[in-house]
Q: 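Before I ask anything, let me first share the structure, which is written out below as structure tokens.
Per chain, numbering begins at 1; letters A, B, ... match sequence-line order. Just so you know, these numbers come straight off a predicted model, no measurement behind them.
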Amino acid sequence: MEIILALLKVFGVLIGAVLAAAVLTWYERRMLGLWQDRLGPNRVWFFGIGIVVADMLKMFFKDDWIPPFADKPIFVMAPAIMLGSIWMAFAVVPFAPGIHVIDLNVGLLFFMGMSSMAVYGVLLGGLSSNSKFALIGGLRSAAQMVSYEVFMGLSLMGVVMITGSFSLVKIVEAQGDLWFVVTQFLGFIVFMIAGIAESHRLPFDLPEAEQELVQGFHTEYSGMSFGMYMVGEYMGVVLVSVFITTIFFGGWLGPDFLAWTGIAWLSTVTDFFWFAVKAAFFISFFVLLRAAMPRPRYDQLMSLGWKIMLPLTLLNLVVTGYVLLMQT
Amino acid sequence: MELILFYLAAAISLGTTLMAITRTNAAHALIYFIISLLASAVIFFLVGAPFAAVLEVIVYAGAIMVLFVFVIMMLNLGEAGQRQEQAWLSLSAWIVPAILAAILLAEMVLVLSSSETPIPAQSVTPKQVGESLFGPYILAVEIASMLLLAGLVGAYHLGRRYLEETREDEGE
């Protein structure tokens, strides 16, 4: 029974993450349409959600062409590395009390490790394509992701200092009185911006800036291997939103509005409901950013990171440490 | 169960390290080396040091190796680099390192065979690591931070000189 339950959780998280990413491809286009005063895909099924199925069928039946000048084994492997490592990171997310694959006592660091593994998907894809656009896209993404990883990690350390643990379940439980977005506001801002850069979404999608680099690191990819990059990117958006929710917005915490029924398992449902609502809010925010923001220049992106974000995070760390020491 | 996983991870680690040394294509060698680092992270995890395991993934596999791949992309050596590597990997070049490594291996086997080293039952929490780092090993942390500061100052110096030169060029 326990094994079945564990397997159910594992596959539930795996499939749930892909489903969320698939629905997001439709949701994003509809929302972009709304905010940019046009329609977006609205033909297939209710509100056009059937476009996801149509897109998937198209992607599967497209010719998966490997360029003859590419480094074949790495070329094939690279999208799988990106998708796999982002998928792995979902393992430590607590969706509701007891609903998580594993509660590692280094959960937060596991997330950091997996997101730094995802860099290789982009990097090796760019390297193995053996074409100039892909190479430059890969180089840019390497520099961008490695530098933003630094602030991403440091911005979370304030939360870890207050909680006294890297475990995500403990981090959520520590927010019972007050969400960390209040006490760690600087950390939240930095993590948010670093998260956008880490999942290389617009406005920070310089690795794949169309005007200069065609499609950046995945210029040479087609068919399902391109599809894996695309699904990986959308899963990255879901992942960052889920982590913002867990770390700064109290995860599953929220009023238990079904308590009057007296059924025990319904409280888990409401917990998951609050988690999903908060995560959906941040996913929508990501889409809104894409609809509204222009793309910065590459050197602007790097200097924003090292000259503004890094001092801000260090300041946040020092102040948090000082306040914590004063309290004890 | 844990023993099987340990030997599996150890075998992968050894195999990939061997491949990393013998590959002539730099990118392939690096990928093998990354897998080797990940395998040693698994070993750390199995012997009850999850914190060290995750740091191995973040720092070694996730940051340092990315920089190596970065450099390879910048140089973009291609065929010429592969031929050069092939020339360097001649049989005669193997002799001295092989003898030295064999001596080390013999020493290690001797030490390990005389002592019992079971897998510890309890795992080391991040808190314990922090306490010992800033307790008995504080000197090592301080020295490491000074080394990092020296590296930072050096990098700044190199970048600064380059910037000033380009500015002068533009002014003329």
Side-chain angles (χ1 to χ4, degrees), chain A residues 69 71-75 77-78 81 85 88-89 92 102 104-120 122-132 134-147 149-150 152-153 157 160-161 163-167 217 306, chain B residues 19 23 25-35 37-38 41-42 44-45 48-79 82 122-131 134 148 152 155-156 159 163 166:
Chain A
F69 46 81
D71 192 341
K72 202 176 164 196
I74 305 182
F75 188 84
M77 207 165 62
I81 295 174
S85 46
M88 292 270 282
V92 289
I102 187 168
L104 286 175
N105 65 356
V106 288
L108 209 53
L109 292 174
F110 183 81
F111 160 67
M112 296 296 305
M114 284 306 122
S115 69
S116 59
M117 283 292 102
V119 180
Y120 282 116
V122 176
L123 201 53
L124 295 176
L127 178 66
S128 65
S129 293
N130 208 1
S131 94
K132 288 184 188 64
L135 188 74
I136 296 171
L139 273 178
R140 278 188 179 185
S141 73
Q144 173 181 332
M145 287 167 103
V146 168
S147 12
E149 227 161 60
V150 176
M152 201 172 182
M157 287 312 124
V160 175
M161 275 155 87
T163 315
S165 170
F166 287 108
S167 154
F217 61 91
W306 290 106
Chain B
M19 294 296 270
R23 289 310 89 185
N25 185 326
H28 291 187
L30 275 181
I31 292 172
Y32 278 117
F33 190 49
I34 293 161
I35 300 171
L37 288 171
L38 290 180
V42 172
F44 275 132
F45 200 88
F51 191 67
V54 182
L55 283 192
E56 175 103 7
V57 174
I58 296 176
V59 177
Y60 284 92
I64 295 176
M65 296 316 289
V66 168
L67 292 182
F68 274 82
V69 177
F70 194 85
V71 170
I72 283 188
M73 284 170 92
M74 291 290 247
L75 297 178
N76 203 7
L77 291 171
E79 293 286 315
Q82 245 173 343
Q122 89 283 17
S123 76
V124 185
T125 61
K127 205 170 191 167
Q128 284 168 303
V129 176
E131 273 165 4
F134 289 94
L148 284 177
L152 201 65
Y156 178 71
L163 276 183
T166 48

Q: Based on non-hydrogen pairs under 4.5 Å, which of Val54(B), Val57(B), Val66(B), Leu38(B) is most in contact with chain A?
A: Val66(B)
Q: With only heavy atoms counted, which part of Met112(A) is less than 4.5 Å from chain B, the side chain, the backbone, both or neither?
A: both
Q: Rounded to the nearest 0.5 Å, what separates atom OH in Tyr32(B) from atom CG in Leu37(B)?
A: 15.0 Å
Q: Do Thr125(B) and Phe51(B) make a side-chain contact, defined as non-hydrogen atoms from C-beta onward lying under 4.5 Å apart?
A: no
Q: Do side-chain atoms of Tyr120(A) reach the backbone of Ala61(B) as a donor and acceptor pair under 3.5 angstrom?
A: yes
Q: With only heavy atoms counted, which part of Leu30(B) is less than 4.5 Å from chain A, the side chain, the backbone, both or neither?
A: neither
Q: To the nearest 0.5 Å, how far apart are CG in Leu127(A) and CD1 in Ile74(A)?
A: 6.0 Å
Q: Mind checking whether Asn25(B) and Asp71(A) have side chains closer than 4.5 Å, heavy atoms only?
A: yes
Q: Measure distances from Ala143(A) to the heavy atoms of chain B and classify the residue's part below 4.5 Å as side chain, backbone, both or neither.
A: both
Q: Is Ala63(B) in contact with chain A via its backbone, its side chain, both, or neither, using a 4.5 Å heavy-atom distance?
A: neither
Q: To the nearest 0.5 Å, what is the distance between CZ (Phe166(A)) and CG (Leu104(A))?
A: 12.5 Å
Q: Side chain, backbone, both or neither: which part of Met145(A) has a heavy atom under 4.5 Å from chain B?
A: neither
Q: Leu109(A) versus chain B, heavy atoms under 4.5 Å apart: side chain, backbone, both or neither?
A: both
Q: Heavy atoms only, distances under 4.5 angstrom: which of Ala41(B), Ala53(B), Pro126(B) has the most pairs with chain A? Name it, please.
A: Pro126(B)
